Amino acid sequence: MRVFIIECPNPLDLLQGRNEGKSLEQICKLIGHEATSFQPRSKSDLDTVCQYISSIDREHDDTDNPDLPVCIHISSHGEEDGLFFGKNLLTWNELEEILEPVCTQKSTYPGEKILIISACEAKQQKLTKNIQKKLQIKNGFQPIKHLFITASEDVYWDDAVVAWALFYNKIPKTSLAKKKKILEVLSLIERAELGRIHYYRWSAKKEQYQCFCAQGKLKNL
């Protein structure tokens, strides 16, 4: 995959060496992914980063795999109403707006999009509902097909690094088209006591997200 890691640690995280993004960047490269990381410090910084990522295209790709899936991995502190970027609490509505350039069909890059949110209380997200609403009112809007969101109440950075390292190691060995195989990876992470992950999979037929965990389908959240 092509992995863009976006992390906003708070000042104490930086001083005390709690850094999910840089750790995952190195792990992803060791596994064989193309990976880079960003550390936006505010809502406006995040907006700039997402605009930049949305400009990806095939024109300057020198590899034999021009259509690899693109994964956007967002790591930050969070609460029920959204995610923290510096002093800014970014609401789920605002996050959907900032991610909108990634969801439009202007890019010539056809690879599938994956979104990961690693944050406390991220399971309270309203992002999937907002994306479904946006689809009804905006032409050219294309929902991200796969969302993986931490579902544990508290997310400890060391557990999160190991959990996502396992995720990035196992997911390429399966197919995104095979939901059962994806759930097996989530089950492996849960059995290792590294936390619970909710998987939101876009259904083009129903024009909505369906939610799953390691044990199977959940009532849409």
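All values reported here derive from a predicted model rather than from experimental measurement.
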If you define the side chain from C-beta out and look only at heavy atoms, does anything of [X] sit under 4.5 Å from [Y]?
X: N19; Y: E7; value: yes
X: L176; Y: I114; value: yes
X: L147; Y: Y199; value: no
X: V162; Y: W157; value: no
X: L188; Y: K170; value: yes
X: H33; Y: R2; value: no
X: Q210; Y: K217; value: yes
X: E207; Y: S203; value: no

Under 3.5 Å, is there a donor-acceptor pair between the [X] and [Y] side chains?
X: T128; Y: Q125; answer: yes
X: S152; Y: T150; answer: no
X: Y200; Y: H146; answer: no
X: E79; Y: Q124; answer: no
X: H73; Y: E20; answer: yes

So which atom in [X] and which in [Y] form the shortest heavy-atom distance, rounded to 0.1 Å?
X: Q39; Y: P9; value: NE2-CG, 4.0 Å
X: Q132; Y: W202; value: CG-CZ3, 3.7 Å
X: L183; Y: G216; value: CD1-CA, 4.2 Å
X: G195; Y: I189; value: O-CG2, 3.8 Å
X: E94; Y: L89; value: OE1-O, 3.6 Å

Look only at the side chain of [X] and the backbone of [Y], and say whether a donor-acceptor pair between them is shorter than 3.5 Å.
X: N169; Y: A165; answer: no
X: S54; Y: Q51; answer: yes
X: N130; Y: K126; answer: yes
X: D81; Y: T91; answer: no

- Should Q208 and L135 be marked as a side chain to side chain contact (heavy atoms under 4.5 Å, CB included) after you check the CA-CA gap, both sets of side-chain angles, and the distance that decides it? CA-CA 9 Å; Q208 66 178 20; L135 182 67; over 6 Å; no
Shared ILVMFWY cluster between [X] and [Y], side chains joined below 4.5 angstrom?
X: I197; Y: I72; value: no
X: L115; Y: I171; value: no
X: F167; Y: I149; value: no
X: I182; Y: L68; value: no
X: L14; Y: F84; value: no

- Message: Walk me through whether L90 and L46 qualify under side chain to side chain contact (heavy atoms under 4.5 Å, CB included).
- Response: CA-CA 10 Å; L90 193 70; L46 177 63; 3.3 Å; yes
- Only one of I117, V185, L186 clears side chain to side chain contact (heavy atoms under 4.5 Å, CB included) with F148; which? L186
- L83 vs I74, side chain to side chain contact (heavy atoms under 4.5 Å, CB included): CA-CA, chis, key distance, verdict: CA-CA 10 Å; L83 305 177; I74 298 177; 4.1 Å; yes
- side chain to side chain contact (heavy atoms under 4.5 Å, CB included) between D159 and W164, worked out: CA-CA 9 Å; D159 285 344; W164 293 119; over 6 Å; no
